[in-house]
Amino acid sequence: MKITFIDGSIKEYNDGMSSLDIANSISPSLAKKAVFSKVNGENFDLDRPILNDASLELILRDSEEALEALNHSCSHLMASAIKRLYPNAMFGVGPAIEEGFYYDVNPGEGIKITEADLIKIENEMKKIVSENVEFKRQELSKEAALDFFSYDKYKQEIINDLEDGVIISTYTHGDFTDLCRGPHVMSTKLLKHFKLLNISGAYWRGDSKNEQLQRIYGTCFFTEEDLKRHLEILKERAEKDHRKLGRELELFMISEYGPGFPFWLPNGMTLRKQLEDYWYKVHRRENYQFIQTPIMLNKDLWEVSGHWKNYRDNMYTSEIDKHEFAIKPMNCPGGLLVYKHSLHSYKDLPIRVGELGLVHRHEASGALNGLFRVRNFTQDDAHIYMREDQIIEEVGNLIRLFDEIYSVFNLKYHIELSTRPLDKYIGSVEVWDKSEKALADACESVGKSYKVNPGDGAFYGPKLDFKLRDSMNRIWQCGTIQLDMNLPVRFDISYIDENGEKKRPVMLHRAIYGSLERFIGILIEHYGGAFPTWLAPVQVKLIPVNNQYHLDYVEKIKELLLDEDIRVEVDSREEKLGYKIREAQTKKIPYQLVIGDNEVKNNQLTFRQYGKQESTTVSIEQFVMMIKSEIKNLGK
RNA sequence: GCUCCCAUAGUUUAAUGGCAAAAUAAAGCAAUGGUAAUGCUUAGAUCCAAGUUCGAUUCUCGGUGGGAGCACCA
């Protein structure tokens, strides 16, 4: 048979040789690195014979796909260990995920696996690893598979959902066989470096109407170092958890009297204000106008907008003077009332109206999570009304604006274009196609690539989503640009065109931070609480060496800095210098100024930056210039 | 909302069916300092409700809140 390699070279091999045989014939070290292969693009286990001419790609250890196969194999390993410990266990699905794997388990009637049992399971897994058993693929008919898995109702359900006549594969290692597509690593001996992480509930087939299985999460790597590094990262994430830092740095709190309703403490309020000021500043430059619409409006409005029908259960309501009112879950209906308040000429378009709008949504209690998921939050909303021919340019400019703002925070991102849903959508297919193309063209017009999410658009229009990647490699969806074909019709908005006729404008919703609350939560973790100077609640901590002799000079510096709008505090407690330095460091204050005899005598100051060891002595003027320019440049 | 886990000073943690321990923060006193913790003193807590019990912070049950996820996220 002829084997075509990915570099295009073709070689002749005996029929029935496996990928591993071929790899070995090239070089044993290559074979050692191979985890599985792709034959004619199809995933193949290394030991599976190749029967005819084919293309062959070896998937090596250092690739994402290899790690996925490893983790998937590890989920089988875990299932086999569980089966030994809990003989009546049944299994749902057990895939590899972003940073590991999970398996959904029903351990048996009346049995619960708890965190404490994870060690037991890990030990059993280690035993199986040391048994060094191979993963063996088998293929069978649907009927045979149903028969084989007769003991497991979940597997039966999965098999029953497959088409008749399809070939079903199973993988066996040792005494455990699982329904699986593959591919897997050759042997359990590769699965030495794993860790079970946590356990939780998960609905069977992801449907809340179904029973819940126990989902056990774990992670597996090719080397012990990689595993250790990953566990370090998990630890770091826990250290930088915004709920923890929010408490330690006194940024925000959430009271049991209002689950999901964050309180901003003075430090957090300062930080938030910086984000707002910056937002207003760039939006003024981009010719936005600003409004504020009421928190609470008559139910009739929400009937017009359609929210009453669709989201009633998540809206807070109140009866006032026998009229029903609802607290806004979105800003757009209010914004549309403002648009309709006056007539608009085609000459005025695009009209860009921004609103930092506080919205309330009754989220399920279990969904709440620090600042990441709250019940009231502030959207950095804006609605843009324009002519159809303005979409590409306007969206292009928006993308540039998003790019500018994200780069200030050193957040990398990628764009996703979500297109028309399969069935639940309004408007004509032609308009959808045109809109989707406009969004795509806008990306291209500013040289940005995007990934398409087919069918993932809102029912009212396509959208561009901005997925940010933070300093700990997690992805967050914040920004969004959405075309809306629904509300302009429902609210019957119009502009007057050059012929004096009424026309329907195109409406765009967009948010960059998304939600101020959530964005701040992300920033807290992204920066680990060590904010750049422009955002830091306290920018400068002034520390006199001796209160008696140096406090006057310190107060003078404080006044000078305050005059320059620098957020400064004096630590004049009767504590030793080292103590105050330590505290300023733990509070992650960007600049600590130490003032003693030397500074007073020379009319200077000595500063030390957060996280740095060395200190520098400069004149007050030099320091002011330096810190002001840093703040003005937003830390860039 | 669902599954599992958890609830002790402001915070982080300890202990117990019979006076609840410490660190840190706070307050007071002393020490007057040069780059990550000066010493001493004081004050401060068992989430709420019911039950079992002579006695419950501890056991049981309900509630509330929190965590890991699932479902949801216009």
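Below, chain A is the first sequence line, B the second, and so on; all start at residue 1.
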Base, sugar-phosphate, or nothing for [X], non-hydrogen atoms under 4.0 angstrom?
X: A:Arg608; result: base
X: A:Glu574; result: base
X: A:Asn310; result: nothing
X: A:Arg243; result: sugar-phosphate
X: A:Glu599; result: base
X: A:Tyr311; result: base
X: A:Tyr102; result: nothing
X: A:Tyr460; result: sugar-phosphate
X: A:Asn369; result: nothing
X: A:Glu115; result: nothing
X: A:Glu575; result: base
X: A:Gly206; result: sugar-phosphate
X: A:Lys209; result: nothing
X: A:Ala458; result: nothing

Legend entry - Of A:Arg375 and A:Glu583, the one whose closest RNA chain B nucleotide lies more 5': A:Arg375
Inset, instruction - Between A:Met330 and A:Ile113, just flag the one whose closest nucleotide in RNA chain B comes earlier from the 5' side. - result: A:Ile113
Legend entry - Parallel, tilted or perpendicular, as decided by the 30° and 60° cut-offs, for the rings of A:Phe372 and A:Trp476: tilted
Inset, instruction - Would you mind reporting whether A:Phe466 and A:Thr480 have side-chain heavy atoms less than 4.5 Å apart? - result: no
When the distance from [atom1] of [X] to [atom2] of [N] is rounded to whole Å, what number comes out?
X: A:Leu213; N: B:A68; atom1: CG; atom2: P; value: 21 Å
X: A:Glu250; N: B:A25; atom1: CD; atom2: P; value: 13 Å
X: A:Ile216; N: B:C5; atom1: CD1; atom2: C1'; value: 14 Å

Base-pairing mate for [N] - Watson-Crick or G-U, with both contacts under 3.5 Å:
N: B:U32; value: none
N: B:U64; value: B:A7
N: B:C59; value: B:G51

State which of [options] makes the closest approach to the side chain of [X].
X: A:His307; options: B:A74, B:U35, B:U3; value: B:A74
X: A:Arg582; options: B:A36, B:C70, B:G34; value: B:A36
X: A:Pro259; options: B:G69, B:A36, B:G66; value: B:G66
X: A:Ile581; options: B:A31, B:U64, B:U35; value: B:U35

With the threshold set at 4.0 Å, does a side-chain nitrogen-carboxylate oxygen contact exist between [X] and [Y]?
X: A:Asp117; Y: A:Lys112; result: no
X: A:Glu416; Y: A:Lys451; result: yes
X: A:Arg474; Y: A:Asp470; result: yes

Inset, instruction - Answer with yes or no after comparing the ring centroid distance for A:Phe607 and A:Phe623 against a 6.0 Å cut-off, counting only values under it. - result: yes
Inset, instruction - Using the P atom on both, measure B:G17 against B:C4 and round to a whole Å. - result: 27 Å
